[in-house]
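Single-structure report; data block below.
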Amino acid sequence: MSFQTTDSKKEEFRKYLEKAGVIDQLTRVLVGLYEEPEKPNNAIDYVKKYLGSPVDIDVDKLKLEYEKLKDENIKLKREVAELKKELQAAQQEQN
């Protein structure tokens with residue numbers, strides 16, 4: 001019973017990949033790598049380059065920068081809210 005469920009899930013996933021064009025794209029990149037006269041030292045970088053993914057990006061550095069900018073954005077939103085309150089109070093005092 002479990003075997004059929006696993007097989008049907010695998011088949012469903014395979015159909016999904018085929019419909020999305022993933023299988024064709026991966027086949028093309030692997031054939032290209034196979035036909036490459038001089039095999040690259042790093043096959044993963046070759047695949048990334050062929051699929052359009054940048055190979056020289058430090059993901060951890062980007063995540064750290066993202067968190068830093070997210071925190072700064074929260075801080076600035078709070079500051080804007082406080083300044084709006086101050087402005088509103090100042091306008092009420094003038095009236």
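Source: prediction; values computed, not measured.
- Taking both residues in full, the closest heavy atoms of P40 and Y46 are given as CG-CB, 3.8 Å, listed atom of the first, atom of the second, then distance.
- For the side-chain contact (heavy atoms from CB on, under 4.5 Å) test, residues two or more places apart in sequence or in another chain that qualify with D58 are D60, K61.
- Cation-pi geometry between K39 and Y34 is satisfied (NZ or CZ under 6.0 Å from the ring centre, within 45° of the ring normal).
- Every residue meeting the side-chain contact (heavy atoms from CB on, under 4.5 Å) condition with E79, not counting sequence neighbours, appears here in chain and number order: L76, L83.
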Show me the side-chain donor-acceptor pairs of residues 63-75 shorter than 3.5 Å, one per line, residues at least two apart or across chains.
none

Donor-acceptor pairs are to be reported for all side-chain atoms of residues 11-29 against protein atoms at under 3.5 Å, with residues two or more places apart or in another chain.
from, atom 1, to, atom 2, distance (Å)
E11, OE1, R14, NE, 3.3
E11, OE2, R14, NE, 3.4
E11, OE2, R14, NH2, 2.6
R14, NH1, E18, OE1, 2.6
Q25, OE1, R28, NH1, 2.9
T27, OG1, I23, O, 2.7

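- Separating the NZ atom in K49 from the CD1 atom in I44 is a distance of 15.5 Å, to the nearest 0.5 Å.
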